> 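Dropping a structure here in C-alpha cells format, bear with me for questions.
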Amino acid sequence: MLNSGTKLGVYEIQSPLGAGGMGEVYRARDTRLGRDVALKVLPEAFARDAERLARFRREAQVLASLNHPNICIIHGLGDHEGGLFMAMELLDGQTLRERLSAGPLPLAMLLELTIQIAEALDAAHQKGMAHRDIKPANIFVTRRGQAKILDFGLAKIGPVAGDSGQSAVATMAEAPDEALTSPGTAMGTMAYMSPEQALGQDLDGRTDLFSLGVVLYEMATGRQAFSGSTSAAIFDGILHKTPARPIQLNPELPAELEEIIEKALEKDRQLRYQTAGGLLADLKRLKRDLDSGSSRAVAAEKIAKPKEEMEAIAVLPFQNASGDPDSEYLSDGIAEELINSLSQLGRLRVLARGTVFRYKGQAGDPQKIGRELNVRAVLTGRVLQRGDSLLISAELTDVANGWQLWGERYKRKVEDIFEVQEEIAKVIFEKLKVKLTPTDEKKLAKRYTDSPEAYQLYLKARHATTKFTRDGLLKALEYCRQAIDADPDFAPAHAWVAWVYTTLAVFGVLPTSEAAYNAKHAATKALEIDADLAETYGALAFAEFAEWQWEKADRAIRRALELDPNCEIALWASCHFNLYHGKFEEALRQVDRALELNPLSLTSNYYRALVYAYGAQYEKAIDGFQRCLELQPDFPVVHQVLAMCYASQGYAEKGLEEMGKAGTFLLPVDVSRGYIFAAAGKHEEARRALAQFNGQAESAPVAYFLACAYAALGDNDEAMRWFEEAYQRRAGLLVVIGIRAGLEGLRPDPRFQDLLRRIGLPS
C-alpha cells in the first residue's frame with residue numbers, strides 16, 4: 001500500500017479507497033489542476049503478470065476511447081517504479097452491489113439507472129466493445145443518482161456495429177484479444193454470465209444485455225436470478241433454468257418490466273435483445289407510459305383485461321433506384337411523408353425518421369430490422385424516376401413470421417404522387433387491422449398543395465437543410481422560394497422559409513435583423529394560409545428570439561404545442577426559451593421529449609449538448625457534441641462549440657484542434673485562437689493572438705466572441721466595448737450572456753446589468 005503524501009507524477013496520494021484483483025485504488029490530488037481523482041495502481045508485482053498487465057492497459061485504452069456520462073472517465077495513464085497507474089474521475093456514492101444489500105430498488109430509480117446503463121452500453125457497442133463483466137459491483141451510483149459503469153478490464157474489442165469486420169480500435173490493445181478471451185475460456189463473474197459466456201463461446205454485445213438483464217432482475221426483486229451453493233449449480237441455472245417470475249417476488253412491478261427482463265434473459269441470443277438500443281427503447285417507452293399513467297400496471301382495472309398494445313410500424317427509407325443523387329430527395333421525401341401522415345392519427349406507433357433513417361442505404365432483412373426496432377411490421381420501398389414518370393414499389397412485411405402482408409407496384413405520373421402516398425397509408429391501416437374514423441380519413445386526404453412541382457421543391461428544401469452547412473441552408477432557401485413561386489398558398493413551404501432564416505441568423509450567415517424580419521414575414525404568410533400549422537409557430541418563436549420579444553416567443557411556443565405536442569421545432573424553441581432564462585432542467589426536459597420522438601435527430605442532439613455546455617457540464621456536453629459528429633462529421637458549428645468546451649476545461653491544444661476543423665465558419669483565425677487561449681487560462685498567448693486582429697468586427701459573432709475573450713482576460717472595459725458592438729449588430733448569441741460561464745467577473749458591472757435589461761433577460 002502507498003502512504004499518504006506519496007507522489008506519482010503530478011498526483012499526490014491522500015488515502016486508500018480499496019483493493020482488488022487488479023490492484024489498489026487511492027484518493028489522490030492532481031497538483032497541477034487542483035482536483036481530486038481516483039488512482040488505480042497496478043503494483044510492480046502485478047505488472048510482471050502478463051495477463052494482469054494486458055488487462056490494465058486494455059481498461060485504460062478502452063476508457064480513453066469512450067467519452068460517455070455513464071462510463072467512468074479516465075484522465076491519464078502513468079508509470080511509477082515499475083508499476084502502472086491510471087487516473088480516473090473520483091466518484092461520490094456507492095456501488096449498485098452495496099445499494100442492493102438493502103433490497104430491491106424503487107421503480108423510478110430502477111428505470112432511471114437501467115436506462116443510463118443501457119445508454120452507456122449502446123455507446124460502447126457502437127464502438128465495437130463488449131464489457132463482458134456487467135454486474136452490480138461494476139456499476140457505481142453517485143449521490144446525484146447517476147450510474148457509472150466501471151472496470152472495462154475484460155472488454156472485448158470487435159467490429160463496430162455495421163462495419164465489415166474492421167475494428168474501430170484495432171490498434172488499442174497491445175496483446176491480441178485471444179490472450180485474454182480465447183474461445184473455450186469463460187471470463188467474467190459467474191452469476192452474471194450469459195449462456196454463451198459460460199460455454200466459452202465467442203461473444204458480442206448481446207452478452208452484456210443478458211448480464212444487464214440479470215442485474216435488472218436483481219434490482220427489481222432483490223434476489224439473484226441464478227444462484228447456487230456450487231459453480232456447477234449456477235452454470236446449470238444459467239444454461240437450463242428459468243428464474244422465478246419477477247412479479248411473483250415483487251407484485252408491484254409493471255407487467256411490461258417483466259416482459260423486458262424476460263426478453264433480456266433469453267438463453268438463445270438470437271431471441272434476446274439484439275442491440276442495447278432496442279432494450280433502451282423499451283425501457284424509455286415504459287418510463288414514459290408510467291409517467292403519463294398509460295402503463296398496463298398503473299390502473300388496476302387494466303390487469304384483468306387482455307393484453308392490448310398499439311401496433312408499431314417502421315417505414316424504412318425508400319431506395320433511390322435511379323442511382324442519381326439528385327433524386328435522393330424524392331425517395332427520402334416519400335418515406336418522410338408517410339411517417340408524418342401515419343403518425344398524426346395516433347392509432348399507430350410509428351418510429352421517428354431519425355430512428356429508421358440509420359438503415360438508409362442498407363440492404364437489410366426487413367424481418368431482422370423489425371426485430372431490432374421491436375415493431376409489428378416494416379414498410380420498404382423503392383422509387384425510380386424517369387422524366388415525369390414514377391415507378392414506386394412498396395412492400396409490408398410481418399416481423400413475427402417474415403411473411404409479406406402486402407405489396408404493390410405503382411406506375412404513375414409525378415403529379416399522382418399524392419394519391420400513391422394516401423393509398424399506401426390506407427393499406428397499412430387496413431392490413432394491420434386499425435380502424436379509421438371519418439376524421440382520420442379526412443386527415444389522411446388533406447393536402448397542403450396540389451402542385452407536384454411545389455411539393456418536390458419543398459422536399460428538396462428539407463433534404464438540403466439536413467446538411468446543416470452554409471451552402472445547404474442557402475440552397476434550402478432557394479428551393480423554398482421556387483416552391484412558393486409554383487404555389488403561393490403552400491403553407492409548409494412558407495413555414496420552412498421562416499425556419500431556415502432563423503437558422504441562418506443563429507449561424508451568423510445573415511445579419512440577425514435581416515434574417516428575423518424575413519423569418520417573421522414568412523411565418524406570418526404561412527399562418528394567413530393555415531392558422532393551425534404547428535411548425536409555423538415554432539419557427540416564429542425563433543424569429544421572436546432574434547428580436548428579443550420574449551412574451552411573443554412564449555405565446556408562439558404555447559400555441560405550437562397546443563396544436564401538436566410532438567412538434568419538434570416547438571420543442572426546440574421551448575428548450576431555448578428555458579435555457580436563456582436559466583431554467584436548465586426544464587430546457588433538458590423539452591429537448592429530451594424531442595429526442596424520444598427522434599433519437600437520431602442531429603438538431604435535438606446538438607441542442608441537448610448545448611444545454612450541458614452552457615450549464616458548465618462540459619463532459620456531458622463533449623459527449624453530446626461527439627455524438628453529433630458521429631451523425632454528421634461535416635458540422636462546423638459543432639467543432640466550434642466542442643473547441644470551446646475543451647478550452648473551458650483548460651485543454652487549449654484540443655480546443656485549437658477542433659477549431660481548426662471548423663475553419664473560419666464564424667470567426668477569423670486570430671479571434672478564434674484568442675478566444676480559445678483566453679478561455680483556457682493562457683492569457684499571454686491570448687493577448688498575442690488578439691493583437692494580430694485588425695480591430696474590425698466583420699460580423700456580430702466576431703464582436704460577441706471578442707467580448708467573451710476579453711472578459712476571460714479580466715479586461716472589463718474592452719469586453720463591454722465589444723458587447724456593445726454586438727448589441728448594436730443584434731448578435732443572436734447575446735441571448736445566452738445571462739447564463740454563460742466565464743462572465744462572472746462582468747456580472748457586478750452596472751454596464752453588464754444594463755445590457756441584460758435591454759435584451760430583456762433576468763439579471
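In what follows, every heavy atom counts, from backbone to side chain, and hydrogens, waters and symmetry copies are set aside. Owing to the predicted nature of the structure, the values given are computational and were not obtained by experimental measurement.
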> Any chance the side chains of D416 and Y410 put a donor and an acceptor closer than 3.5 Å?
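Y410 and D416 do not have a side-chain donor-acceptor pair below 3.5 Å.
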> Closest approach of A594 and E568, non-hydrogen atoms and distance?
O-OE2, 4.3 Å
> Between I313 and F429, is there a side-chain heavy-atom distance shorter than 4.5 Å?
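The answer is no; the side chains never approach within 4.5 Å.
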> For the residue pair R386 and S322, what are the closest heavy atoms and their distance?
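Looking at all heavy atoms of both residues, the shortest contact is NH1-CB, 3.9 Å.
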> Assess the side chains of Q116 and E112: does a donor N or O sit below 3.5 Å from an acceptor N or O?
yes
> Can you list the steps and then say if L457 with I484 is a side-chain contact (heavy atoms from CB on, under 4.5 Å)?
CA-CA 9 Å; L457 289 163; I484 291 167; over 6 Å; no
> Rounded to the nearest 0.5 Å, how far apart are CD of E453 and CG of D485?
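Atom-to-atom, E453:CD and D485:CG are 9.0 Å apart.
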> Could you tell me whether the side chain of T380 reaches within less than 4.5 Å of the side chain of I369, counting heavy atoms only?
no
> Which distance, rounded to the nearest 0.5 Å, do you find between the CG of L290 and the CG of L257?
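If I round to the nearest 0.5 Å, the distance is 8.5 Å.
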> Looking at C480 and A493, what are the two nearest heavy atoms and their distance?
SG-O, 3.9 Å
> Quick one: do K287 and D291 make a salt bridge, cutoff under 4.0 Å?
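Yes, charged N to carboxylate O under 4.0 Å.
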> Is the shortest side-chain N to carboxylate O distance from R589 to D592 below 4.0 Å?
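Result for this pair is no, no salt bridge flagged.
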> Quickly, which of Q456, E336, R462 forms a side chain to side chain donor-acceptor pair (under 3.5 Å) with Y329? Name it, please.
Q456
> Hey, are the side chains of I424 and L379 touching, using non-hydrogen atoms and a 4.5 Å cut-off?
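Touching, per the 4.5 Å side-chain cut-off.
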> With side-chain contact (heavy atoms from CB on, under 4.5 Å) as the criterion, how do S389 and K413 come out once you've worked through the C-alpha distance, each side chain's angles and the decisive distance to 0.1 Å?
CA-CA 4 Å; S389 295; K413 295 294 185 183; 3.7 Å; yes
> Exactly one of L212, N374, L279 should register a side-chain contact (heavy atoms from CB on, under 4.5 Å) with Y273. Which one does?
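Per the side-chain contact (heavy atoms from CB on, under 4.5 Å) rule, the option paired with Y273 is L279, out of L212, N374, L279.
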> Would you call L405 and R376 a side-chain contact if the rule is heavy atoms closer than 4.5 Å?
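Heavy-atom side-chain distance check passes, below 4.5 Å.
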> For a 4.5 angstrom cut-off between non-hydrogen side-chain atoms, does V214 reach I238?
no
> Under a 4.5 Å cut-off applied to non-hydrogen side-chain atoms, are Y479 and L459 in contact?
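Contact flag for Y479/L459 side chains = no.
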> Indicate the atoms forming the closest heavy-atom contact of G213 with A264, along with that distance.
CA-CB, 3.8 Å
> Could you tell me whether K263 and E259 have a side-chain N and a carboxylate O separated by less than 4.0 Å?
no
> Side-chain contact, heavy-atom cut-off 4.5 Å: W499 with E535?
no
> Can you name the one residue among H131, H125, Q197, R132 that meets side chain to side chain donor-acceptor pair (under 3.5 Å) with D208?
H125
> Output the distance between atom OH (Y217) and atom CZ (R245), rounded to the nearest 0.5 Å.
10.5 Å
> Give the minimum heavy-atom separation between A526 and T536, together with the two atoms involved.
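Looking at all heavy atoms of both residues, the shortest contact is CB-CG2, 3.6 Å.
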> Kindly assign one of parallel, tilted or perpendicular to the pair F210 and F226, based on the angle between their ring planes and the thresholds 30° and 60°.
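Ring orientation, 0 to 90° scale: parallel.
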> If I compare all heavy atoms of L239 with all of P195, which pair ends up nearest, and what's the gap?
CD2-O, 3.7 Å
> Mind checking the CD1-CG spacing from I428 to L396? Nearest 0.5 Å is all I need.
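Nearest 0.5 Å value for the CD1-CG distance: 6.0 Å.
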> So do S451 and F490 actually touch side chain to side chain, heavy atoms under 4.5 Å?
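Answer no - side chains too far apart.
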> Using a strict cut-off of less than 4.0 Å between a Lys/Arg side-chain nitrogen and an Asp/Glu carboxylate oxygen, indicate whether E119 and K284 qualify as a salt bridge.
yes
